[in-house]
Amino acid sequence: MDKKMFCFQCEQTIGCSGCTGNSGVCGKTADTAKLQDELTGALIGLARAVDSTTAVSKKTSQVIIEGLFTTVTNVNFDNASIESMIQKVRAEKERLAPDCSKCQSPCGKTDEYDMQQLWNADEDTRSLKSLILFGIRGMAAYAYHAAVLGHEDDEVNLFFCEALFKIGYEENTETLLSTVLKVGEINLKCMALLDKANTETYGTPEPTEVTLTVEKGPFIVVTGHDLKDLQLLLEQTSGKGINIYTHGEMLPAHAYPFLKKFPHLKGNFGTAWQNQQKEFDHLPAPILYTTNCLMPPKNSYADRVFTTEMVAFPGTVHIDEKKDFTPVIEKALELGGYKEDQILTGINGGTKVTTGFGHAAILSHADTVIKAVKSGDISHFFLVAGCDGAKPGRNYYTEFVKQAPSDSVILTLACGKFRFNDLDLGEIGGLPRLMDIGQCNDAYGAIQVAVALADAFECSVNELPLSFVLSWYEQKAVCILLTLLHLGIKNIRLGPSLPAFLSPNILNFLVENYGIGPITTPEEDIKTLQSGCVQ
């Protein structure tokens, strides 16, 4: 494949086939894309160095997880940072297999993998290996967030090596397909691990109303997924007259009891990631990026962008592992914030949103929910969830929610909810019709709710009056989709377009075995998905 770059891991890749020019749609340059390929090849070499072991050391796991996370869409645009990560991977491989570099008769056992072999493979092999690769990249983000809070899982860590090994050296279609589904199986364990890490550290999320008004005075906007970074920033800004506002996937932080106790955690600013260049334009406050999604910042606010963890962009200030947020705090005081309160709204004009309907909160009302279903007050549950994005057609999800029957309940999670989470859909039996379960990783909570309802009705999840209508953009959505397939969940609707890395044969397999299909129109999909109901 003789191209300046090749990348088709996100939903908005050029022409639904792949970014191949000087830069990708996400903004990363061809040089950055090639470095990410080099990093992935080095990770496969490292996985070879731990081949046949029954456990992976904490140090090796950390390097692998960090390396994979670095390659997730909209995380790292900084070539120097990626080059440093490559050297870190190579140093770890050298530590594990020091004799390889000195061997006079090299066997190639720990050689780095040339990603061009993958991109030039036959389309079915490329499709299956891409599903594995993009799935473990997304899963690595979840494993990273859990590890930050002191939670790890040996089986999850070992699987990263197994999956990387198969990407580089497995050619059997059945084995690759089995590994694709195993990504979903292990990701379920990983999401459970992160759920445990978050709740044990910050408490069980509670339904919480969050204002979209920004008060006058200095403030900081925090975006991403990492609750630990938010906690540290709240602690370091306490008593300094600086308010903190969440953005994007950080919104669910308002529901955690430990974080709610900080009075200067005021509300939420803005909507989903793809609107940041408009919403952050001339913002009189700094923005702290803890994870993706970082879009290349405009000149009008580039001087107030701060990154931490695996996020990096050339020319911005990076907060290192010491977590001294003094530069962010000083910038907030310097800019001063708004002179008067700003009454802002969501996409649909609402001035507040609600979050915190995690599995514990919903299942605490299980009797009410079950009674409402049996009485016919609730006809259907729709999980309308996933990533938001810039490609036209995503207003489908807004219209789907608006047109969903008044006796249906909408469950949602991840940043796609900003298309409709400021709508007032009313209540059924004292419960809101729109329930925000949380971040994308809280798909684990949605699964727990589905399993509990299936147990209560003594049926399978597929027999419930429950439908999955998903939007995707990047690799965390891929691993969640694979988890749903691992659980045997069928008839998922996916949009706004299907992944470019699905070959016709692999797509046909998913259609025939799982009934997965593209979204059509809200009217048609609602009609189709509502067929069948638990009695």
Side-chain angles (χ1 to χ4, degrees), residues 10-16 25-26 73-74 212 223 247-249 251 268-281 292-293 295 344-355 380-406 408-426 432-437 439-440 443 446 467-474 476-478 480-481 491-500 516-530:
C10 84
E11 184 268 336
Q12 60 184 29
T13 191
I14 293 176
C16 287
V25 174
C26 69
T73 301
N74 292 87
L212 303 182
T223 190
H247 172 268
E249 283 275 56
L251 168 63
N268 189 75
F269 174 86
T271 53
W273 66 272
Q274 79 281 356
N275 296 321
Q276 63 189 257
Q277 290 182 331
K278 177 178 67 176
E279 294 174 346
F280 294 165
D281 195 25
N292 61 326
C293 293
M295 292 186 73
L344 306 177
T345 70
I347 289 176
N348 304 286
T351 58
K352 60 186 178 182
V353 294
T354 303
T355 189
H380 210 85
F381 295 89
F382 294 103
L383 179 69
V384 186
C387 315
D388 207 349
K391 181 180 286 187
R394 288 182 179 266
N395 61 321
Y396 162 95
Y397 298 94
T398 308
E399 291 304 313
F400 187 102
V401 170
K402 286 181 177 180
Q403 295 180 34
S406 59
S408 64
V409 172
I410 308 296
L411 305 175
T412 191
L413 54 86
C415 65
K417 62 176 168 269
F418 283 100
R419 293 277 171 173
F420 50 79
N421 68 340
D422 62 323
L423 291 170
D424 183 0
L425 300 183
R433 284 190 57 225
L434 177 60
M435 300 185 192
D436 175 14
I437 296 175
Q439 295 181 335
C440 55
S467 300
F468 294 77
V469 183
L470 307 182
S471 56
W472 83 284
Y473 172 68
E474 42 90 308
K476 283 176 281 185
V478 175
I480 291 172
L481 176 63
N491 301 319
I492 296 169
R493 292 295 176 267
L494 182 63
S497 59
L498 295 179
I516 193 169
I519 58 173
T520 59
T521 65
E523 298 85 355
E524 186 62 32
D525 288 343
I526 289 172
K527 179 181 177 181
T528 301
L529 294 171
Q530 271 201 295

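Any value given below was found using the heavy atoms of this structure, including those in side chains, with hydrogens, waters and symmetry copies removed. FYI, the numbering just counts along the sequence from 1.
Partner of Phe280 under the side-chain contact (heavy atoms from CB on, under 4.5 Å) criterion, chosen from Lys278, Gln276, Gln277: Gln276. Considering Asn395, Thr398, Asp388 as possible partners of Arg419, the one that fulfils the side chain to side chain donor-acceptor pair (under 3.5 Å) test is Asp388.
Looking at residues two or more places apart in sequence or on another chain, you find a side-chain hydrogen bond (donor to acceptor under 3.5 Å, both in side chains) between Asp525 and Tyr396, Thr520. Residues passing the side-chain hydrogen bond (donor to acceptor under 3.5 Å, both in side chains) test with Asp281, sequence neighbours excluded: Ser300. Residues satisfying the side-chain hydrogen bond (donor to acceptor under 3.5 Å, both in side chains) criterion with Ser467, sequence neighbours excluded, are His380. With sequence neighbours excluded, the residues forming a side-chain hydrogen bond (donor to acceptor under 3.5 Å, both in side chains) with Glu279 are Thr271, listed by chain and number. Legend: residues meeting salt bridge (charged side-chain N to carboxylate O under 4.0 Å, His left out) with Arg394, ordered by chain and number and at least two apart, are Glu11.
Proximity of Leu344 to Phe269: side-chain heavy atoms (C-beta onward) are separated by under 4.5 Å at one or more points. Counting heavy atoms from C-beta outward, Met295 and Asn74 have side chains that approach closer than 4.5 Å. Contact annotation: the side chain of Cys440 approaches that of Ile480 to within less than 4.5 Å [non-hydrogen atoms, C-beta and beyond].
Rounded to the nearest 0.5 angstrom, Lys402 NZ and Phe420 CZ are separated by 12.0 Å. Rounding to the nearest 0.5 Å gives a distance of 11.5 Å between CG of Asn348 and CG of Asp424. Put simply, SG on Cys26 and CD on Gln12 are 8.0 Å apart, with the number rounded to the nearest 0.5 Å. The distance from the NZ atom of Lys352 to the CG atom of Asp422 is 11.5 Å, given to the nearest 0.5 Å. To the nearest 0.5 angstrom, Thr223 atom OG1 is 11.5 Å from Trp273 atom CH2. If you take CD on Glu524 and CG on Leu529, they are separated by 9.5 Å, rounding to the nearest 0.5 Å.
Counting non-hydrogen atoms of neighbouring residues, nucleotides and ligands closer than 6.0 angstrom, the NZ atom of Lys391 exceeds 12 such neighbours.
Under the 3.5 Å distance criterion, the side-chain polar atoms of Asn268 are matched with a main-chain donor or acceptor of Gly270. Trp472 places no side-chain N or O within donor-acceptor distance of the main-chain N or O of Leu498, the cut-off being under 3.5 Å.
Closest of all the heavy-atom pairs between Leu494 and Pro499 is CD2-CD, 4.0 Å. Minimum interatomic distance between Gly346 and Leu212 (heavy atoms only, all atoms of both residues): N-CD1, 3.4 Å. Of all heavy-atom pairs between Ala272 and His247, the closest is O-NE2, 4.0 Å. Of all heavy-atom pairs between Ser408 and Pro405, the closest is OG-O, 2.6 Å.
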Show every donor-acceptor pair shorter than 3.5 Å between a side-chain atom in residues 410-418 and any protein atom, with sequence neighbours excluded, or say none if there are none.
residue, atom, partner, partner atom, Å
Thr412, OG1, Val384, O, 2.7
Lys417, NZ, Ala414, O, 3.0
Lys417, NZ, Asp436, OD1, 3.3
Lys417, NZ, Gly438, O, 3.0

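Under the 30°/60° scheme for interplanar angles, the aromatic rings of Phe382 and Phe400 are found to stand perpendicular.
In summary, the side chains of Asn292 and Glu474 do present a donor paired with an acceptor at a separation below 3.5 Å, with no hydrogens or angles considered.
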